[in-house]
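Letters A, B, ... mirror the listed sequences (proteins, then strands); counts begin at 1.
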Amino acid sequence: MTLKTFFHRLGSPPYFYQISRPWGRAFAWIGLLLILVGLYGGLWLAPPDYQQGNGFRIMYVHVPSAWMSLFVFMVIAVCSFIGLVWRMRLAYAVAAASAPLGAAFTAVALVTGSLWGKPMWGTYWVWDARLTSELILFFLYLGVITLNRSFEDQKTGDKAAAILALVGAIDVPIVHYSVDWWQTLHQGSSFKGLTSEIAPSMLWPLLVLMAGFMFYYGWLVLWRTRSELLLREADRDWAQQVIGS
Amino acid sequence: MDRGAGSGLEARALELRRGRRLLARSLSFGVQPGSYLELTGPNGSGKSTLLRILAGLGRLETGQVFWNGATFNPQREEAHHARTLYLGHTDGLKGLLSIGENLRLFAALRGIREPIDEIEKGMGFYGLEHLKPIVCDRLSQGQRRRAALVRLHAFPAALWLLDEPTTALDREGVERFFSHFRIHLERGGMALVATHQSLARWIAPAGEIALGRSP
Amino acid sequence: MDRGAGSGLEARALELRRGRRLLARSLSFGVQPGSYLELTGPNGSGKSTLLRILAGLGRLETGQVFWNGATFNPQREEAHHARTLYLGHTDGLKGLLSIGENLRLFAALRGIREPIDEIEKGMGFYGLEHLKPIVCDRLSQGQRRRAALVRLHAFPAALWLLDEPTTALDREGVERFFSHFRIHLERGGMALVATHQSLARWIAPAGEIALGRSP
Amino acid sequence: MNPWLFFFRTELGISWRERRRVMLPLVFFSIVAFLFPLTLNPKGHLLARMAPGIIWVDAMLAVFLGLESLFRHDHEEGILEQWVISPTSLELRVLFKVASFWTVTSLPLLLISPLLVLWLSFPLRGLGILMIGLFLGTVTLCFLGALGAALTLTLRQSSMLIAILFLPIATPVLIFGAHSAVLAARQLDPRPALYLLATLFFLTVGIVPKAISAALRISYET
Amino acid sequence: MNPWLFFFRTELGISWRERRRVMLPLVFFSIVAFLFPLTLNPKGHLLARMAPGIIWVDAMLAVFLGLESLFRHDHEEGILEQWVISPTSLELRVLFKVASFWTVTSLPLLLISPLLVLWLSFPLRGLGILMIGLFLGTVTLCFLGALGAALTLTLRQSSMLIAILFLPIATPVLIFGAHSAVLAARQLDPRPALYLLATLFFLTVGIVPKAISAALRISYET
Ligand code: HEM
Ligand SMILES: Nc1ncnc2c1ncn2[C@@H]1O[C@H](COP(=O)(O)OP(=O)(O)OP(=O)(O)O)[C@@H](O)[C@H]1O
Ligand SMILES: Nc1ncnc2c1ncn2[C@@H]1O[C@H](COP(=O)(O)OP(=O)(O)OP(=O)(O)O)[C@@H](O)[C@H]1O
Ligand SMILES: [Mg+2]
Ligand SMILES: [Mg+2]
């Protein structure tokens with residue numbers, strides 16, 4: 001099977017529904033394993049930070065979720081593009097399945113970030129570049145989700161949300177850049193210590209956790225996409241068969 | 001690529017849906033120049049839905065439509081929009097503009113310059129001259145409908161898609177509409193007309209598309 | 001104080017105006033229990049205007065109206081509102097509510113408790129049971145009109161003021177409406193019905209109010 | 001069930017019909033509350049000083065944004081004309097309508113104001129007074145706004161006109177409201193400002209429903 | 001006359017039909033610009049620092065308030081469905097529509113901004129840059145807002161939803177805009193901010209009309 005025919009077949013919901021099942025399982029197990037290992041490394045093996053004590057360990061949740069929040073939005077934007085240009089039903093389903101996950105990652109990043117902020121900066125919130133753009137990202141997610149669900153006809157909702165996601169995807173980097181620039185001109189970066197070098201014993205669990213989060217997301221998104229597909233295609237023959245059996 | 005049978009508009013194996021409800025399965029019909037089809041069926045059977053799809057508003061999911069034998073997508077094809085006039089349940093008049101201004105705006109929409117004469121004639125035809133200075137918000141129901149029908153008069157098009165065109169018209173208005181309709185057909189025009197009254201007593205249709213309550 | 005002639009609704013020397021335009025000068029008519037008047041006239045002659053005034057929406061400037069011989073002001077008299085049902089060009093349905101919810105809301109408006117049975121019956125009468133879960137935004141034109149007519153069924157009133165009630169109804173819907181209309185009249189109800197089709201082929205009116213284009 | 005209760009429940013129900021409705025005002029407040037600091041770019045303690053003002057302007061905007069559609073949909077669907085000629089009290093109906101409007105636009109703000117306060121680093125001791133003030137003030141704003149909406153009902157694109165009718169009357173409410181919270185935060189006595197708000201509240205609730213129903217009747221007379 | 005020119009003139013004409021339309025935005029800006037200082041209760045020089053922020057939030061609100069009715073009336077009157085199925089370019093039509101929207105909501109603000117600047121005691125030397133920024137920014141905001149309005153066209157009571165779609169993507173405009181004015185007032189070089197605004201301007205004017213027409217078509221598909 002050539003790559004082209006593979007993608008062509010992947011676009012067909014029944015085919016995807018069929019092949020995604022084992023993949024989902026595999027992702028779930030790999031993700032679980034990586035997360036356990038990462039957490040063990042991060043919460044037990046890594047030494048306490050000489051400045052922050054054990055507080056820094058919140059990083060092992062915060063950083064992967066912040067990273068995932070951006071990654072998932074990219075996935076949504078790419079899927080939206082594919083959906084709008086090539087009219088691939090699967091792409092819309094993946095985008096719709098991803099949006100709530102992305103919003104959840106963003107929320108976790110925001111909450112853990114503020115919790116971490118209290119000991120670090122003495123307040124839960126500062127108007128910093130990263131924080132602000134993360135918040136905007138959160139609102140964008142909400143917009144995409146609400147828009148998608150607001151229409152009676154799923155296809156209309158998909159397309160509307162896709163347009164928003166694409167405009168938003170252009171916007172997110174600009175926001176990030178703009179806020180950064182806006183802040184640094186006035187007041188020095190509020191937290192310079194943050195980006196300092198991280199000791200290897202702290203770093204590897206972080207990387208493992210990031211990979212774990214990726215697989216975890218992969219599993220969830222496959223699972224959700226499958227149910228999205230079933231819902232969307234409920235009156236087609238293949239879905240009837242799946243539901244029947 | 002499939003080919004249609006011949007001249008005029010033809011539809012083959014259309015499926016009508018509204019949300020999850022299937023309104024008609026495998027609908028096929030054709031209309032030749034100089035004739036029209038009556039679109040009948042009880043309330044909620046999908047007459048308006050069908051007209052909207054043919055006009056290019058709704059999405060055509062299953063089935064094909066042909067124009068003079070060539071298949072086309074009513075949503076994308078500009079040539080189709082140029083040869084078609086669609087008149088729905090709403091009158092398509094801006095309430096803050098007068099009838100004349102509304103019609104000139106519609107001319108701009110169809111890319112026509114300076115259609116003043118045709119508009120004047122159309123308004124005269126429907127007896128609307130005395131309403132020239134009045135904004136459409138202040139018209140009675142039937143006056144609005146007449147104003148909407150002037151479009152058919154001022155902007156010739158090969159295919160009319162009309163959704164209960166005679167609603168709210170008084171008897172004289174109905175007569176006028178049909179006298180113009182007759183001319184349209186004589187000139188080789190086509191039409192699909194959704195209706196609840198039989199139109200045969202005015203002009204005999206070439207056929208009927210009878211939609212039933214959901215199958 | 002003047003006294004009217006007898007039972008039912010009577011109007012004497014009404015003047016109809018819309019802005020500066022005089023639509024009718026010195027209009028007088030009366031309707032007795034068990035009968036109805038047909039309100040005819042070309043588009044824009046003032047039929048809707050007259051019905052709105054009688055319902056208590058428009059302002060009555062010149063002339064008097066009587067109920068069972070006693071004069072009253074249709075805008076202020078709550079008793080008049082309780083005995084009257086007005087159905088205008090709009091259907092009066094909230095798009096976000098289902099038909100049943102709309103009707104229960106209307107019951108609340110008329111101060112009626114628990115009208116569930118009547119509403120069920122009315123919806124059954126007009127064949128709307130299968131649309132129970134659907135919000136009115138998603139109804140077809142004729143389905144909305146049917147839903148509006150259910151009000152006449154579920155909330156008895158002595159006087160109906162109907163503005164082109166059969167618009168958008170299919171033939172079966174029109175039949176149903178008139179069969180119920182007949183019952184209303186048999187029970188001693190009254191009605192004023194604005195229309196462009198002659199209603200005599202269904203039920204003979206007691207008289208006609210013919211409005212002309214502005215005098 | 002009592003028809004009035006049913007009426008209120010339905011009005012509310014329409015707004016709550018779709019779950020997003022409940023979320024939207026919340027998100028809206030958050031976005032606006034977030035826009036201000038972003039644009040004004042204040043330093044630390046400055047933000048805290050501005051916090052009550054921001055929250056109050058926020059509340060006003062939320063009420064204001066909803067006004068345009070408060071009566072408009074009912075008007076276009078022909079519901080309002082049935083209201084005007086119904087045998088039950090129009091005034092009471094208006095009262096319920098505005099109450100349900102408040103429940104949807106302002107109650108959520110009241111509920112998340114503790115969060116906003118944290119976010120804008122406003123001293124927590126001012127929270128109680130802020131919330132009482134918000135309650136009194138938003139109810140007043142809703143009624144005044146509804147009056148503007150009713151007066152401009154049959155005019156087109158009336159949002160600007162509503163603004164002009166509404167904002168001048170709303171200004172004192174905003175000033176007293178924000179001021180009471182500032183006083184409380186500084187541990188001064190906020191009661192004078194609150195009493196004024198309460199007076200406005202009772203005046204409005206007492207008189208304005210009558211005015212609104214008169215305005216509605218007049219709208220339909222032409 | 002060229003049909004396009006006629007189209008634009010009519011769009012504008014509708015908005016200018018009644019004289020109050022032209023006055024309303026002016027009054028609206030003034031009231032809001034006047035409300036903020038009152039509520040935020042800043043001391044002297046503080047006001048000057050906040051001035052660009054206030055004017056910009058003001059501009060955004062004015063655009064935002066008009067959005068709900070930008071396409072709604074045309075939709076309800078059945079005009080928009082004729083747009084979608086007309087043989088001329090929908091994209092160009094949208095461009096003109098938004099241009100006339102800008103002329104009515106934002107141009108008045110530009111014209112009175114010198115007055116507002118005086119009122120808020122903002123240094124006059126920043127005025128030129130403020131106005132250039134306002135021009136670029138308000139056009140961008142109008143297009144982005146129109147996109148939100150088009151996406152939510154067939155949904156009910158969508159103003160809150162528009163808010164959520166619109167505000168996040170509008171944020172960078174506000175930040176750059178307010179910032180360029182602040183820089184100019186402090187006699188620093190405002191060009192980087194202006195260049196960014198200009199980039200956004202061209203991106204938006206180039207891409208968004210396409211997105212808006214796609215959104216309109218989609219709205220009618222159901
Ligand atoms: C509400 C508050 C916070 C939010 C919204 C937030 C958000 C983010 C975001 C968006 C990233 C970027 C991930 C990427 O670029 O790949 C990030 C990374 C990071 N954050 Fe936070 N953060 C917050 C608070 C904090 C605090 C208080 C700390 C520690 C003092 C912290 C430490 C880090 C670190 C170490 C990284 C990864 C290093 C890097 O990519 O530069 N964050 N955060
Ligand atoms: N809202 C309004 N404001 C001002 N004038 C109006 C308004 N509505 C209608 N008119 C004018 O009043 C006159 C009577 O209108 P009305 O709606 O009563 O007519 P009608 O007999 O019901 O006509 P139709 O058969 O078309 O429904 C018309 O000539 C119309 O121009
Ligand atoms: N906006 C909508 N969204 C979802 N469903 C709709 C919508 N409009 C109509 N429907 C449903 O689609 C079906 C067909 O509607 P349509 O308007 O095409 O009927 P119709 O034949 O024109 O009826 P009528 O004679 O009443 O005008 C109806 O059963 C209706 O419930
Ligand atoms: Mg129909
Ligand atoms: Mg009428």
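- A distance-only check finds no donor-acceptor pair linking the side chain of B:Asn43 to the backbone of C:Gln143 [under 3.5 Å].
- Heavy atoms of B:Leu139 lying under 4.5 Å from chain C are absent altogether.
- If you tally non-hydrogen atom pairs under 4.5 Å between each of C:Gly41, C:Gly173, C:Gly142 and chain B, the highest count goes to C:Gly142.
- The structure places NE2 of B:His89 at 10.5 Å from CZ of C:Arg144, a figure rounded to the nearest 0.5 Å.
- Applying the 6.0 Å contact sphere to CZ of C:Arg187 captures no more than 12 heavy atoms from other residues, nucleotides or ligands.
- Under the rule for a salt bridge (Lys or Arg N to Asp or Glu O under 4.0 Å), C:Lys121 has no partner lying at least two apart in sequence or in another chain.
- Interface remark: B:Thr167 contributes side-chain atoms only to the contact with chain C (heavy atom separation under 4.5 Å).
- Residues of residues 189-197 of chain B lying under 4.5 angstrom from chain C, judged on non-hydrogen atoms, are B:His196, B:Gln197 by number.
- Counting heavy atoms of neighbouring residues, nucleotides and ligands inside a 6.0 Å radius, atom CZ of B:Arg138 does not exceed 12 of them.
- We find the NZ-OG distance between B:Lys47 and C:Ser140 to be 6.5 Å, quoted to the nearest 0.5 Å.
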